[in-house]
Amino acid sequence: MSSSSSSASSSSSSEDGNGNGNGNGNGNGNGNGNGHGARRGGGDFEGPSLTRRRGNNEIWPGPFVEDLVVKVAIDASRSIGRLAAAGAIAHVFQVCSTWQAVSRSDPLWHRLTSVIWGRTHRMHTTWHEEYVYRHQTSQNFRLGRSVHVTLHFDPTGVDIPDGLTCRCLTLSDTHLACGFTDGTVRLFDLATRLHVATFHPLHGDRFGRFSRAVSGIIITDPRIIFATLDGDIYVAIIEGQHQARRAHIGNIVDDGSLVDFTGCGRWWVGLYAGVPGRAIHIWDGNTEELVYVNTTLTDRESLRGWHMLTELTEAIGRVRVTSQESAVACTSNKYMVLDLRNPAFPLHDRESARGFIVNSLDTNNEAFIIVDNRGRAIVRRADTLEELCRFNTRLGNLMGCMNLGYALLCAAGVIRVWGIEHGQYLYSFGENIGAVNAMAGDDRHVAAASSNSTIHLWDFGAQ
């Protein structure tokens with residue numbers, strides 16, 4: 001993941017640090033050397049710190065062995081891929097029975113799950129189970145094993161033409177949120193796949209028939225935060241009475257149109273177009289206070305920003321956040337990376353002579369992907385711009401999203417998958433879903449909204 005949503009675009013999960021995976025072996029979290037494993041068994045991983053005494057009376061403390069295991073896992077992940085980490089640490093556990101006993105340390109599996117799969121909170125009983133599940137789910141992504149469903153909701157009550165057009169999607173561990181042109185946000189439970197809540201803005205179309213269209217959504221349990229094109233930001237409690245509170249009143253005359261909105265638990269980030277020098281707005285998500293306004297990223301798109309209030313236009317720009325408190329924003333000719341803790345000094349600011357496909361930008365925990373107008377995709381680390389991989393999509397007019405290990409790009413109704421550790425093409429989804437208005441993915445699910453108002457969901461979760 002992560003992460004949040006975008007106007008007519010994709011998004012990562014709104015929760016920080018989501019990852020998925022899968023493995024094989026002897027019940028201690030192992031798999032084969034190339035990262036392609038089968039399912040492992042579980043076990044009891046509550047145990048004390050251990051020591052190992054060798055024949056020469058040298059002491060090998062349990063913490064030392066745990067550090068060694070983590071180093072081996074990181075090295076395998078960086079050199080081969082995350083799926084290879086399981087097989088590498090299995091070899092360490094096989095050194096002797098005492099070292100194998102270290103595998104019963106749940107704090108060790110907590111560390112491994114964090115460094116390999118980017119998870120900071122668990123969904124299962126133990127961290128070993130969490131690691132196994134994340135490995136297996138990533139393996140499912142690699143092999144294309146998923147369950148496809150369409151989600152259903154009551155379409156009545158829409159009062160404007162095109163009101164059922166879905167403009168943005170956001171995934172969390174437990175929910176999928178869909179933002180529509182009429183300002184409605186519909187929330188689905190991922191476990192039951194049922195529509196469980198609907199949220200509405202508090203006003204009508206004050207500045208054009210699309211001024212209340214949803215620009216983006218953030219899910220940070222227990223809250224859901226969404227913004228509309230006129231700049232209003234709303235906050236609601238997911239398990240509450242489904243009444244949205246307006247946390248920020250938009251000032252469209254001074255700021256322009258809020259064309260994209262994203263964030264995490266700590267930060268909310270808005271991308272505006274219409275008024276020069278006010279492209280990026282950042283709020284403290286805890287206090288809901290605006291803390292930064294600046295950048296000229298969308299100055300060239302100012303006129304198109306105003307047209308969005310009355311017309312269904314192509315995407316002007318997109319913004320995404322990583323779990324490292326950075327944001328990546330782009331237009332069709334430029335991208336920039338900001339440190340959300342110190343946004344006044346951008347980390348990177350790059351233009352492209354070829355131009356970018358705006359709907360291709362997405363982030364995971366630490367990296368971002370963007371595709372240029374010739375179909376060349378590049379994945380880079382957000383903090384350093386180190387190139388992780390590149391590949392030629394041979395696609396145009398596409399929409400994309402990414403998770404920890406895979407890039408998913410949709411063109412002509414077909415979603416194609418690449419591994420981003422080495423840039424290899426893997427497979428295409430079996431379903432042709434037609435023209436797509438929005439797309440989102442995390443380390444378990446992929447969601448897409450078709451132009452006929454159908455919401456598609458693919459679940460790669462380990463069974």
Side-chain angles (χ1 to χ4, degrees), residues 5-11 155 157-169 178-186 200-217 226-234 250-262 270-276 278-281 296-319 329-334 355-361 373 396-400 410-411 434-439 448-455:
S5 76
S6 77
S7 171
S9 62
S10 74
S11 69
V158 176
D159 58 359
I160 66 169
D162 301 308
L164 287 176
T165 299
C166 180
R167 300 186 76 251
C168 53
L169 298 166
C178 311
F180 291 82
T181 303
D182 67 346
T184 300
V185 173
R186 293 179 172 90
H200 300 277
L202 301 179
H203 60 81
D205 304 322
R206 298 179 299 178
F207 299 100
R209 67 172 181 152
F210 296 122
S211 65
R212 63 176 175 174
V214 179
S215 297
I217 310 168
F226 65 98
T228 52
L229 194 59
D230 59 10
D232 285 357
I233 300 175
Y234 297 88
N251 186 344
I252 195 168
V253 174
D254 290 341
D255 295 328
S257 301
L258 177 50
V259 301
D260 199 5
F261 178 75
T262 187
L271 180 64
Y272 289 76
V275 178
R278 301 182 68 84
I280 299 289
H281 289 49
T296 60
L297 180 64
T298 59
D299 282 7
R300 299 180 188 178
E301 313 294 342
S302 293
L303 183 59
R304 293 179 60 202
W306 294 114
H307 284 182
M308 290 187 69
L309 297 169
T310 57
E311 305 170 13
L312 290 174
T313 66
E314 295 292 327
I316 290 176
R318 177 179 285 194
V319 61
C330 83
T331 62
S332 60
N333 53 62
K334 185 177 182 180
F356 299 115
I357 300 175
V358 170
N359 284 330
S360 69
L361 175 72
N373 286 327
N397 192 28
L398 57 82
M399 184 168 293
C410 183
V436 174
N437 293 328
M439 188 174 170
S450 299
S451 58
N452 63 2
S453 302
T454 302
I455 307 298

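Note that these values count all heavy atoms, side chains included, but never hydrogens, waters or copies made by symmetry. No experiment lies behind these values; they were computed from the predicted model shown.
Closest non-hydrogen pair, Leu229 versus Met308, comes out as CD2-O, 3.3 Å. Here the shortest heavy-atom pairing between Leu271 and Thr298 reads CD1-CG2, 3.8 Å. Considering every non-hydrogen atom in both Ala449 and Ile455, the closest pair reads CB-CD1, 3.8 Å. Nearest heavy atoms, Arg209 versus Thr310: NE-O, 3.9 Å. Closest heavy-atom contact between Pro201 and Thr228: CB-CG2, 4.4 Å. In plain terms, the two heavy atoms of Ala411 and Leu398 that are nearest each other are CB-CB, 4.2 Å.
Enclosure of atom CG in Asn397 is not indicated, since only 12 or fewer non-hydrogen atoms of other residues, nucleotides or ligands lie within 6.0 angstrom. Shown here is Glu311, whose CD atom has more than 12 heavy atoms of other residues, nucleotides or ligands within 6.0 Å.
In terms of modelled atom types and a separation under 3.5 Å, the side chain of Arg318 and the main chain of Asn359 share a donor-acceptor contact. For the pair Asp232 (side chain) and Gly250 (backbone), a donor-acceptor distance under 3.5 Å is present.
Separation of atoms CZ (Phe180) and CG (Asn437) is listed at 10.0 Å; rounding is to 0.5 Å. Rounding to the nearest 0.5 Å places CZ of Arg186 at 7.0 Å from NE2 of His200. For the atom pair Ser332 OG and Asn373 CG, the distance stands at 7.5 Å (nearest 0.5 Å). From Asp260, atom CG reaches atom OH of Tyr272 across 11.5 Å, with rounding to the nearest 0.5 Å. Summarising the geometry, atom CG belonging to Asp162 is positioned 11.0 Å from atom OG belonging to Ser451; distances are rounded to the nearest 0.5 Å. Expressed to the nearest 0.5 Å, how far OG of Ser257 lies from NE2 of His307 amounts to 10.5 Å.
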Worked verdict on Arg300 versus Thr331 for side-chain contact (heavy atoms from CB on, under 4.5 Å):
CA-CA 9 Å; Arg300 299 180 188 178; Thr331 62; over 6 Å; no
Decide side-chain contact (heavy atoms from CB on, under 4.5 Å) for Ile316 and Val358; before the verdict, give the C-alpha distance in whole Å, the side-chain angles of both, and the deciding distance to 0.1 Å.
CA-CA 7 Å; Ile316 290 176; Val358 170; over 6 Å; no
Does Asp254 form a side-chain contact (heavy atoms from CB on, under 4.5 Å) with Val275? I'd like the steps, not just the answer.
CA-CA 7 Å; Asp254 290 341; Val275 178; 5.9 Å; no
Set out, in order, the CA-CA distance, both residues' side-chain angles and the distance that settles side-chain contact (heavy atoms from CB on, under 4.5 Å) for His281 and Leu258, then state yes or no.
CA-CA 9 Å; His281 289 49; Leu258 177 50; over 6 Å; no
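Salt-bridge annotation for Arg278 and Asp255: present, with a side-chain N of the basic residue lying under 4.0 Å from a carboxylate O of the acidic one.
Screening Thr165, Thr181, Asp182 for a side chain to side chain contact (heavy atoms under 4.5 Å, CB included) with Phe210, the sole residue that qualifies is Thr181.
Between Phe261 and Ile233 the shortest side-chain heavy-atom distance falls below 4.5 Å.
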